[in-house]
Asker: 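Structure in structure tokens, see below.
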Amino acid sequence: MISEFSLIQRYFEQLTPKRDDVILGIGDDCALLQCPADHLIAVSIDTLVEDVHFFADVDPLTLGHKSLAVGLSDLAAMGVTPAWFTLALTLPEFDEQWLQGFSQGLAELAQQYNIQLVGGDTTRGPLSISIQVHGHVPTDLALQRDKANVGDMIYVSGTLGDAGAALQMQLKQWHDDQLNDEDKSYLQHRLECPTPQLELGEKLRGIASAAIDISDGLVADLGHILNKSNVSARLDLSQLPLSSALAKIDQQTAQQFALYSGDDYELCFTVPPQHFAQMQTDFKQCTRIGVIIKVIKGSASLIYGTNFQAVKSKIKLADPLITLIITGTGYDHFK
Ligand code: ADP
Ligand code: MG
């Protein structure tokens, strides 16, 4: 059995790019980090637990990627420039092949965004991965959930529902004969290898009024914006952006995936009228899906939750325009 210290040294100490703003990295009791003047530090942590967030047999390389990507997606949602991360790793045993793959997955993404692993903790127990990401954002320019206003347009980046479709396929709860092998591996890739929308998040500083990343599903995550901003939303379901794979399947099913399934890690954001014109020219990868309206409380169109089957019956898809007055939240680990 390798010692804790040689494990850290072998797999993590030299793993990621060296940044000038890391005064002291791995190896002491704390890391010492330099924040640019007139910026705020943004911090976010996520934990991934085996059998809850990933399957035991998942490729460690994609797991390494995803563990970091989900944190970076939170930074993207607030318009933050990523800089550093820490890693708390609990491992059942020393598995060289697993550590090699996992650290490689982390390293590739860290390299892509020039972020440095600056510390962590390594313990023994059931497999669990916690990553805390840190970045900075000019004071007053962070994108928050609580600043959407009536009349703002609602946008999403990329396409929705891909990861959810892949998960349902993997769980053998759904399949569609229209999908060929290429479609299926595209969807699988979307589930296992999400791309954090960091460039988009930074570009939305000063443009979006509110933003969130879609980890739990559009309805759940847009719901957080609505709740925090005390507004409601009217969505045009015919505008939900679908990948060419999901465009092949039954439209109602595709819309259900787009509305309720998580793990896409796209951004959902609101834009005030003075920036509508710019959206059409500078944000071509984003789609307008609806508008923010005055808060409506307790009406018949109340939609709860994100459970795929449970929700299916509650929403009338014949009407392409739906009003969301959201009070429910997404996946709840304690329910
Ligand atoms: P301490 O006992 O003072 O908390 P540790 O013995 O846990 O320190 O860790 C030694 C050094 O290695 C620290 O700088 C810590 O941040 C770093 N470290 C521990 N585990 C990891 C890891 N999984 N990834 C990166 N750095 C780690
Ligand atoms: Mg420790």
Asker: Parallel, tilted or perpendicular: which one describes the rings of His39 and His136, with boundaries at 30° and 60°?
Answerer: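 It falls in the perpendicular class, over 60°.
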Asker: At their closest point, which heavy atom of Ala210 faces which heavy atom of Ala148, and how far apart are they?
Answerer: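 Looking at all heavy atoms of both residues, the shortest contact is CB-N, 3.7 Å.
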Asker: Flag the pair Gln132 / Phe85 as yes when at least one side-chain heavy-atom distance between them is below 4.5 Å, and no otherwise.
Answerer: no
Asker: Under a 4.5 Å cut-off applied to non-hydrogen side-chain atoms, are Ile154 and Leu222 in contact?
Answerer: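 SC-SC contact between Ile154 and Leu222 confirmed.
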Asker: Determine the minimum heavy-atom distance between Leu267 and Ser73, stating which atoms define it.
Answerer: CD2-O, 4.5 Å
Asker: Could you tell me which non-hydrogen atom of Asp213 sits nearest to which non-hydrogen atom of Ala77, and how far apart they are?
Answerer: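 What the structure gives for the nearest pair is N-CB, 3.4 Å.
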Asker: Between Val70 and Ile115, is there a shared hydrophobic cluster once you connect ILVMFWY residues whose side-chain heavy atoms come closer than 4.5 Å?
Answerer: yes
Asker: Salt bridge or not between Asp282 and Lys203? Use side-chain N to carboxylate O under 4.0 Å.
Answerer: no
Asker: Supply the atom-to-atom distance Gln280 CD to Cys286 SG, rounded to the nearest 0.5 angstrom.
Answerer: 12.5 Å
Asker: On a heavy-atom basis, which atom in Ala69 and which in Pro196 lie closest, and how many Å separate them?
Answerer: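 Shortest heavy-atom separation between Ala69 and Pro196 comes out as O-CB, 3.8 Å.
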Asker: Using distance alone, with no hydrogens and no angle criterion, decide if Thr159 and Asp162 have a side-chain donor and acceptor under 3.5 Å apart.
Answerer: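 Side chains of Thr159 and Asp162: pair found under 3.5 Å.
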Asker: Compare all side-chain heavy atoms of Leu198 with those of Pro82 and state whether any distance is below 4.5 angstrom.
Answerer: yes
Asker: Ignoring hydrogens, what is the shortest heavy-atom contact between Val118 and Ala31? Give both atom names and the distance.
Answerer: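 In terms of heavy atoms, the two residues are closest at O-CB, 3.4 Å.
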Asker: Would you call Gln170 and Glu192 a side-chain contact if the rule is heavy atoms closer than 4.5 Å?
Answerer: yes
Asker: Compute both the distance and the angle, then confirm whether Lys66 meets the cation-pi test with Phe54: under 6.0 Å from the six-membered ring centre, within 45 degrees of the axis.
Answerer: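 No; the conditions do not both hold, so Lys66 does not lie above the ring face of Phe54.
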Asker: Quick one, Asp46 with Ile131, criterion side-chain contact (heavy atoms from CB on, under 4.5 Å). Give me CA distance, side-chain angles, the key distance, then yes/no.
Answerer: CA-CA 6 Å; Asp46 279 291; Ile131 290 188; 6.0 Å; no
Asker: CG/Asn230 to CD1/Ile225 distance, rounded to the nearest 0.5 angstrom?
Answerer: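 That separation rounds to 14.0 Å.
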Asker: Does a side-chain N-to-carboxylate-O contact under 4.0 Å join Arg190 and Asp264?
Answerer: yes
Asker: Would you compute the distance between atom CE of Met279 and atom CG of Leu204 and round it to the nearest 0.5 angstrom?
Answerer: 6.5 Å
Asker: Can you name the closest pair of heavy atoms from Val133 and Gly71 and give their distance?
Answerer: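 Smallest heavy-atom distance, with atoms named: CG2-O, 3.4 Å.
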Asker: Does any non-hydrogen side-chain atom of Trp84 lie less than 4.5 Å from one of Leu117?
Answerer: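 The answer is no; the side chains never approach within 4.5 Å.
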Asker: Please determine whether residues Leu191 and Phe257 belong to a single hydrophobic cluster, defined as Ile, Leu, Val, Met, Phe, Trp and Tyr linked transitively by side-chain heavy-atom distances below 4.5 Å.
Answerer: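 Cluster IDs for Leu191 and Phe257 differ.
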Asker: By the definition side chain to side chain donor-acceptor pair (under 3.5 Å), identify the one residue from Thr47, Thr90, Thr86, Asp121 that meets it with Ser130.
Answerer: Thr47
Asker: Is the shortest distance from a Lys or Arg side-chain nitrogen in Lys228 or Asp146 to a carboxylate oxygen in the other one below 4.0 Å?
Answerer: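 No, no charged N to carboxylate O under 4.0 Å.
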Asker: Side-chain contact test, heavy atoms from C-beta onward, threshold under 4.5 Å: evaluate it for Tyr265 versus Thr195 and give yes or no.
Answerer: no
Asker: Indicate yes or no: at least one non-hydrogen side-chain atom of Leu218 is less than 4.5 angstrom from one of Tyr260.
Answerer: no
